[in-house]
*Asks:* 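The following block contains the structure, expressed as structure tokens.
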Amino acid sequence: MGPRALSIGTVHFLFVASALVAAGVLAVGYRRDLEAALAGVPLMLGGVAVGFVGVSRFAAARGDVFAGQEIAILAALAAFGLGLVGLGLIGREGLR
Amino acid sequence: MNALTTALFFLFAAVALAGALATALAGSRPLRGLGLLLVGVGAGGLCFAASAGYAGGVLLIAFAGLGALFAYPNPRSLRGEGLARPAHQLGALGAAGLLVMLAYAAFRGAFAHGEGPPGSFNAGDVGRLLFSHEALATEAVAALLLASVSGAAVAWWGRER
């Protein structure tokens with residue numbers, strides 16, 4: 001019996017997604033600088049997007065493969081908007 | 001997935017994780033921006049490897065924009081200066097017009113309807129996969145997330161004391 005070919009599945013995507021979320025949690029919880037902590041939020045949403053894409057690609061073998069991709073796009077746009085608003089708020093707070 | 005896609009998955013996963021660590025631990029703004037750009041490249045590539053090229057493109061553009069914002073935030077706009085210029089108001093009006101056009105197109109347009117393989121994508125299907133077929137791996141992912149959140153809480157608590 002020869003070596004099994006390495007294949008990618010849902011779990012691989014979920015591991016990468018959870019690592020991205022963990023890095024975001026680390027940034028939000030550990031960094032004192034508000035700007036550095038804010039950078040963790042897009043990381044978490046990026047992890048969510050990767051997770052949804054992976055699940056929709058592999059777990060939805062009998063389903064609508066576009067559902068997860070739509071949520072991933074929404075998460076990416078939400079990350080961008082949150083970053084924009086957050087940086088603006090930090091700048092305004094810095095004036096006080 | 002073929003061998004090339006598998007190799008691309010691991011390459012983009014490494015890029016995304018390196019970018020995430022750089023973002024979380026970077027001490028300077030440019031490095032933080034570069035980290036976010038790397039996360040975008042990695043996450044976009046992962047989506048591309050999962051046959052979700054459009055979502056990957058959106059992720060890449062969003063994170064590239066975030067990287068630019070975090071690396072070089074405009075100090076004038078951060079201080080709230082110059083927000084009421086006529087050019088900005090014109091831009092806001094243009095954005096509103098674009099939104100109206102998009103709403104009209106969504107209401108009247110006849111878009112192509114895409115369908116995946118027949119069946120349903122619901123919580124039951126995902127739950128069956130995660131808690132029966134791949135239960136051990138799901139537990140490992142849950143443990144990783146729990147450890148990260150607990151570690152962050154302990155680090156935060158230690159700093160507050």
Side-chain angles (χ1 to χ4, degrees), chain A residues 5-16 18-32 35-36 38-40 42-43 46 49-50 53-70 72-73 76-77 79-80 83-84 87-88 90-92 94-95, chain B residues 1 3 5-6 9 13 16-17 20-21 23-24 26 29 32 35-36 39-40 43 46-47 49-52 54-56 58-59 62-63 65-66 69-70 73 75 77-80 114-122 125-126 129-130 134 137-138 141 144-145 148-149 151-153 155-156 159:
Chain A
L6 187 59
S7 177
I8 302 300
T10 320
V11 175
H12 298 82
F13 272 86
L14 286 181
F15 263 108
V16 177
S18 60
L20 284 177
V21 173
V25 169
L26 173 73
V28 170
Y30 187 68
R31 301 302 301 269
R32 275 189 170 172
E35 214 176 296
L38 179 71
L43 282 184
V50 169
V53 166
V55 167
S56 74
R57 169 70 175 79
F58 295 103
R62 295 171 293 123
D64 182 5
V65 294
F66 298 114
Q69 297 181 22
E70 287 166 9
I73 290 169
L77 295 178
F80 185 74
L84 202 61
L87 276 178
I90 290 171
R92 295 285 173 100
L95 281 177
Chain B
M1 279 193 165
T5 318
T6 305
F9 171 86
L17 295 182
L21 283 178
T23 306
R29 281 176 171 168
R32 198 174 301 137
L36 281 170
V39 171
L46 287 174
C47 293
S51 311
Y54 184 73
V58 173
L59 266 171
F63 274 85
L66 276 171
L69 275 172
F70 273 88
S77 64
L78 282 184
R79 284 197 301 268
E115 278 187 1
S120 60
F121 174 65
N122 54 32
D125 284 347
V126 177
L129 183 88
L130 293 183
E134 291 167 344
T138 306
V141 170
L144 178 65
L145 280 178
S148 72
V149 173
W156 205 340
R159 280 210 164 163

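Chain naming here is simple, since letters A, B, ... match the order of the sequence lines and numbering starts at 1 in each.
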*Asks:* At a 4.5 Å cut-off on heavy atoms, which part of A:Ala49 comes close to chain B: side chain, backbone, both, or neither?
*Replies:* side chain

*Asks:* Is it the side chain or the backbone of B:Leu36 that comes within 4.5 Å of chain A heavy atoms, both, or neither?
*Replies:* side chain

*Asks:* To the closest 0.5 Å, what do you measure between OG1 (B:Thr5) and CD1 (A:Ile8)?
*Replies:* 9.0 Å

*Asks:* Return the minimal non-hydrogen interatomic distance between B:Ala13 and A:Val16, and the atom names on each side.
*Replies:*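 That closest heavy-atom pairing would be CB-CG2, 3.8 Å.
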
*Asks:* Can you tell me how far NE2 of A:His12 sits from CG of B:Leu46, rounded to the nearest 0.5 angstrom?
*Replies:* 12.0 Å

*Asks:* Rounded to the nearest 0.5 Å, how far apart are CZ of B:Phe70 and CD of A:Glu35?
*Replies:*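 Result: 6.5 Å between the selected atoms.
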
*Asks:* CD1/A:Ile73 to CG/B:Leu59 distance, rounded to the nearest 0.5 angstrom?
*Replies:*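 Between A:Ile73 CD1 and B:Leu59 CG, I get 8.5 Å after rounding to 0.5 Å.
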
*Asks:* Who wins among A:Ala36, A:Gly24, A:Gly54 for the most heavy-atom pairs under 4.5 Å with chain B?
*Replies:*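 Looking at each of A:Ala36, A:Gly24, A:Gly54 in turn, A:Ala36 comes out on top.
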
*Asks:* When the aromatic ring centroids of B:Phe9 and A:Phe13 are compared, is their separation below 6.0 Å?
*Replies:* yes

*Asks:* What are the two closest non-hydrogen atoms of B:Ser51 and A:Arg57, and how far apart are they?
*Replies:* OG-NE, 3.6 Å

*Asks:* Between A:Arg31 (side chain only) and B:Ala24 (backbone N and O only), is there a donor and an acceptor less than 3.5 Å apart?
*Replies:*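 The answer is yes, because a donor-acceptor pair under 3.5 Å joins these two groups.
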
*Asks:* Search all heavy atoms of B:Leu66 against all heavy atoms of A:Pro42 and return the closest pair with its distance.
*Replies:*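 So the minimum-distance heavy-atom pair works out to CD1-CB, 3.6 Å.
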
*Asks:* Considering all heavy atoms of both residues, which atom of B:Thr23 and which atom of A:Ala39 are nearest to each other, and what is their separation?
*Replies:* CG2-CB, 3.8 Å

*Asks:* Identify which of B:Ala43, B:Ala26, B:Gly40 forms the greatest number of heavy-atom pairs closer than 4.5 Å to chain A.
*Replies:*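 Among the listed options, the one with the most contacts to chain A is B:Ala26.
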
*Asks:* Going by the rule side chain to side chain contact (heavy atoms under 4.5 Å, CB included), which residues pair with A:Ala19 if we only count those two or more places apart in sequence or in a different chain?
*Replies:* B:Leu17

*Asks:* Give, for atom CG of B:Leu69 and atom CG of A:Leu87, the distance between the pair rounded to the nearest 0.5 Å.
*Replies:* 6.0 Å

